[in-house]
Amino acid sequence: WIDGVGSLTGANNTLFKSNLALINRNSVPAMVSIALTPRGSTAPTATVSVTVAAGATKFFNDAVLELFNFQGAASLSITTSAPTPVVAWARTYSDKKADGTLGQFIPAFGVDDLIGTKGAVLQGLSQNSGFRTNSGIVNTSASPVPVFVSVWKADGTKAGEKVYTPLGGQSLSITQIIRDITGNDATDAYLEVIPTIPGAIYAWASFVDNVSTDQTFVRPIPIP
């Protein structure tokens, strides 16, 4: 799966697009099936098939629009006929036209990356005048899964907790999640994510500079 992709307009007249790269390290061609689930939906609305030659890379500059003629935010699920799965990654970026692009690398995740019993942390996050933190929660199972998400401040105190419940197959996008949970700002904080069902949920955060819109993708770190 890859979450956090799209082709859409954002705040301050920004235009966001997503690159997609598929790398086939096999010695035979790979037939790759890519399914698109719009943000908030519980099932794919479209699927396309792409053939990637042996040892080759397939690249899409504005993948969601090019492959699906879709405008909006979405997640992708990727399967392949090849003996070894293809390598997949995305980059969601602000297209500034003549001024270039500014974006963040988004790695694909698989079954081994889903959050376990003890949960995971998303660290190095802030919500203040200089920065904001957005987040996503993806439910790969067929049933609703309540997920407890708490904000921990730099001094080690818990600032608040909220339960998000993505439906089966659904991905949720939470804008300014620290403020959504606590109602306040926090600097150098982290999120603790604990799903009620292990092995079903993936979560990520995007740490955004309010001035430059520079973005950092934050992967979940398992709690030992």
Side-chain angles (χ1 to χ4, degrees), residues 1-6 8 10-14 16 18-19 39 73 75 89-94 96 99-110 112-139 145-166 171-196 198-224:
W1 299 271
I2 300 179
D3 193 35
V5 299
L8 69 161
N12 302 320
N13 296 315
T14 51
F16 287 95
S18 294
N19 298 146
R39 175 75 72 220
S75 61
W89 58 263
R91 175 179 174 261
T92 294
Y93 63 97
S94 174
K96 297 176 177 291
D99 294 326
T101 66
L102 187 64
Q104 64 182 345
F105 175 83
I106 303 177
F109 67 93
D112 292 341
D113 300 304
L114 300 178
I115 298 174
T117 304
K118 294 183 179 180
V121 296
L122 299 165
Q123 61 184 8
L125 311 175
S126 292
Q127 178 73 48
N128 51 40
S129 60
F131 299 91
R132 63 187 185 274
T133 296
N134 302 322
S135 186
I137 301 174
V138 184
N139 181 2
V145 177
V147 181
F148 290 82
V149 183
S150 55
V151 176
W152 292 79
K153 298 195 295 184
D155 62 4
T157 59
K158 186 176 180 178
E161 183 177 81
K162 185 171 182 177
V163 179
Y164 298 94
T165 307
S171 65
L172 300 180
S173 178
I174 305 100
T175 302
Q176 301 187 46
I177 189 170
I178 292 174
R179 194 173 289 170
D180 186 63
I181 293 173
T182 68
N184 297 298
D185 289 354
T187 300
D188 297 330
Y190 70 88
L191 301 178
E192 183 181 70
V193 182
I194 302 178
T196 55
I201 295 294
Y202 184 80
W204 56 269
S206 180
F207 179 58
V208 186
D209 185 303
N210 286 334
V211 177
S212 69
T213 69
D214 177 47
Q215 306 161 60
T216 301
F217 187 85
V218 180
R219 300 184 68 171
I221 299 174
I223 298 174

Nearest 0.5 angstrom please: [X] [atom1] to [Y] [atom2], how far?
| X | Y | atom1 | atom2 | result |
| --- | --- | --- | --- | --- |
| Y164 | I174 | OH | CD1 | 5.5 Å |
| N139 | S75 | CG | OG | 11.0 Å |
| D188 | K153 | CG | NZ | 12.5 Å |
| I178 | R132 | CD1 | CZ | 12.5 Å |
| S18 | I2 | OG | CD1 | 9.0 Å |

Margin query: Between K162 and V149, does the side-chain contact (heavy atoms from CB on, under 4.5 Å) criterion hold? Intermediate values first, please.
Written below: CA-CA 5 Å; K162 185 171 182 177; V149 183; 5.7 Å; no

Next item on the list: Would you tell me whether T157 and D155 have side-chain atoms, one donor and one acceptor, within less than 3.5 Å of each other?
Entry: yes

Minimum heavy-atom separation for [X] and [Y], please, with both atom names.
| X | Y | result |
| --- | --- | --- |
| T117 | I194 | O-CG2, 4.2 Å |
| L114 | G199 | CD1-O, 3.1 Å |
| L122 | A203 | CD2-O, 3.9 Å |
| A186 | N128 | O-ND2, 4.5 Å |
| A108 | D113 | O-OD2, 4.5 Å |
| T187 | S126 | CA-OG, 3.5 Å |

Margin query: Please enumerate all residues that pass ring pair (Phe, Tyr, Trp, His ring centres under 6.0 Å) together with F109, with sequence neighbours excluded.
Written below: W1, Y202

Check: Does CZ belonging to F148 count more than 12 external heavy atoms closer than 6.0 Å?
Finding: no

Checklist line | Qualifying residue for side chain to side chain contact (heavy atoms under 4.5 Å, CB included) with I137, from P166, S171, S173, P195 | finding: P166

Margin query: Between W152 and S150, is the side-chain hydrogen bond (donor to acceptor under 3.5 Å, both in side chains) condition met? List the steps.
Written below: CA-CA 7 Å; W152 292 79; S150 55; 3.0 Å; yes

Using modelled atom types and a 3.5 Å cut-off, is there a donor and acceptor pairing between side-chain atoms of [X] and backbone atoms of [Y]?
| X | Y | value |
| --- | --- | --- |
| T133 | I177 | no |
| S94 | L102 | no |
| T92 | G4 | yes |
| D214 | D209 | no |

Checklist line | Test side chain to side chain donor-acceptor pair (under 3.5 Å) applied to K118 - qualifying residues, sequence neighbours left out | finding: none

Margin query: List the residues meeting side chain to side chain donor-acceptor pair (under 3.5 Å) with D185, not counting sequence neighbours, and say none if there are none.
Written below: R179

Check: Hey, mind stepping through R91 and T101 against side-chain contact (heavy atoms from CB on, under 4.5 Å) and telling me if it holds?
Finding: CA-CA 11 Å; R91 175 179 174 261; T101 66; 2.9 Å; yes

Notebook entry, point to check: For R39, what residues pass the salt bridge (charged side-chain N to carboxylate O under 4.0 Å, His left out) criterion, not counting sequence neighbours?
Noted result: D3

Note to self: K158: which residues meet the salt bridge (charged side-chain N to carboxylate O under 4.0 Å, His left out) condition with it, sequence neighbours left out?
What the structure shows: E161

Item checked: Test log, rule side-chain contact (heavy atoms from CB on, under 4.5 Å), inputs V208 and N134 -> CA-CA 8 Å; V208 186; N134 302 322; 4.2 Å; yes

Do [X] and [Y] have side-chain heavy atoms sitting under 4.5 Å apart?
| X | Y | value |
| --- | --- | --- |
| V163 | V147 | no |
| Y93 | F16 | no |
| V193 | V121 | no |

All N/O donor-acceptor pairs, side-chain side in residues 215-224, below 3.5 Å, sequence neighbours left out:
| residue | atom | partner | partner atom | Å |
| --- | --- | --- | --- | --- |
| Q215 | OE1 | Q104 | NE2 | 3.4 |

